[in-house]
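Whatever order the structure lists them in is the order used to number ligands and atoms, beginning at 1. Predicted model, so just to flag it, every value in this text is computed and none were measured.
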Amino acid sequence: MNLIVLIKKSSVELSLKKVGVMVMKELTGRIVNIQKYSVHDGPGIRDLVFMKGCPLKCIWCSNPETQSPSFQLAYNSKRCIGVESCGYCVKECAQEVFTINGKNNIEMDRSKCINCLKCVNICCSKALHVFGTDMTVDEVFKKTQNQTDTWRSNGGVTISGGEPLLQADFVTALLKKYKTVGVHTAIETTGYAPWERLEQVARWCNLIFYDIKILNKQKHNNYTGVDNSVILQNIKKLTEKFPDIEIIVRTPVIPNINNQEKDIINIVKFLDGLDNLNDYELLPYHGYGSSKYLQLGMTYKLEGIGSLEKEPIYELNQRIRKMLNLRKKV
Ligand code: SF4
Ligand code: SF4
């Protein structure tokens, strides 16, 4: 009889294969962060699981660390104690990614990095850190399980990102696990995925937050990097086929991009043709994630753009809710 073991780590896998043990890999998901006690992403107090990887590259993205599906090395210069007192990263990196820039600080040539993460392990101040960790369904579940009291207070779990549908099998397995213990489940999605993936995941959701950012195709392409046809087709199918799921469409309102009333009204006209929509939320722009761009060596194209006044956006939102006669009455 063959011995079959279930494992997660590939180094262990190789050793086991050498001694003739049949190895089955346990399903893992690549996670950026698990945030507790959120009150903005669904009913009650919730745990938020941020998945890594997104097919869109919105220029206002406040979670740039979730865009790439790969592990990402980040450097927070404010935490660095300086090369004179430390400098271990410069000595440790065989790829010569780090150079000293003369101000007791380091510079990085990320194109040379092979993601061995030796520098992260040696950095005592955590100035160097990595975004992304692979976890099994049980590991994520256990990390959130101590929240049972908040789950009982009508909270739950919301899977966000990045784009959860990029890791549809893992997310489905995770949502199923929560469902088996009666926990309220939600996802936040761009809707940019094959319909089959959305359908597979939706079956295990109580609530879906669905982004429609810009209706004009060319403009959508310019600011997010993808065409919106699939997104618009998927929301139509979703509202038709899953009338029992609570569906909330969201639009982030970004200065000089989609903050004119006509931009929003275009979306509202589209939404008017949908059945079973519960709510429509306008989310005023904020630039909270801008420092993470620097840490990742990315450019934040909206640097210096001020926030929008919230009150007019909330008023417009209330008018739209009435116009659309949404299921969730205001
Ligand atoms: S190892 Fe960390 S703390 Fe030390 S110089 Fe490098 S980044 Fe700074
Ligand atoms: S991850 Fe490895 S290759 Fe990349 S900078 Fe750190 S030590 Fe160098």
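- Salt-bridge check for D41 with R46: failed, with every basic side-chain N at 4.0 Å or more from each acidic carboxylate O.
- Between E281 and R250, at least one side-chain N (NZ, or NE/NH1/NH2) sits under 4.0 Å from a carboxylate O, which counts as a salt bridge.
- In summary, no N, O or S atom of C89 is located under 2.8 Å from atom 4 (Fe) of ligand 1.
- Residue V97 approaches ligand 2 through these ligand atoms, each under 4.0 Å from one of its heavy atoms: 5 (S), 8 (Fe).
- For the ligand labelled ligand 2, residue E92 lies outside the 4.0 Å heavy-atom shell.
- Nearest to atom 2 (Fe) of ligand 1 among the protein's heavy atoms is C123 SG, 2.4 Å.
- Taking a 4.0 Å cut-off on heavy atoms, F98 fails to register as neighbouring ligand 1.
- Counting heavy atoms under 4.0 Å from ligand 1, residue L128 touches it through the side chain alone.
- Here V120 has no heavy atoms under 4.0 Å from ligand 2, in either its backbone or its side chain.
- With hydrogens left out, the protein atom closest to atom 5 (S) of ligand 1 is G87 N, 3.4 Å, a heavy atom.
- Q72 CD to E65 CD: the interatomic distance, rounded to the nearest 0.5 Å, is 8.5 Å.
- Ion pairing between a basic and an acidic side chain is recognised when a charged N comes within 4.0 Å of a carboxylate O; E261 and R319 show such pairing.
- Under a 4.0 Å N-O distance rule, the pair D47/K143 does not qualify as a salt bridge.
- To the nearest 0.5 Å, atoms OG1 (T28) and CZ (F170) are separated by 7.0 Å.
- Considering only non-hydrogen protein atoms, atom 4 (Fe) of ligand 1 sits nearest to C86 SG, 2.3 Å.
- Shown in contact with Y75 at under 4.0 Å from a heavy atom are these atoms of ligand 1, numbered in order with element: 7 (S).
- Remark: ligand 2 atoms within the under-4.0 Å shell around heavy atoms of L117 are 1 (S), 2 (Fe).
- If you look at S125 next to ligand 1, the close heavy atoms, those under 4.0 Å, all belong to the side chain.
- Contact check on D138 versus K177 returns a salt bridge, with a Lys/Arg side-chain nitrogen under 4.0 Å from an Asp/Glu carboxylate oxygen.
- Under a hydrophobic clustering in which Ile, Leu, Val, Met, Phe, Trp and Tyr are joined whenever their side-chain heavy atoms come within less than 4.5 Å, directly or via other members, L165 and Y192 fall into the same cluster.
- Taking every heavy atom of C119 and a limit of under 4.0 angstrom, the matching atoms of ligand 2 come to 1 (S), 5 (S), 6 (Fe), 7 (S).
- The protein atom (non-hydrogen) at minimum distance from atom 8 (Fe) of ligand 1 is C80 SG, 2.4 Å.
- Residues Y210 and T190 come closest through the heavy atom pair CE2-O, 4.3 Å.
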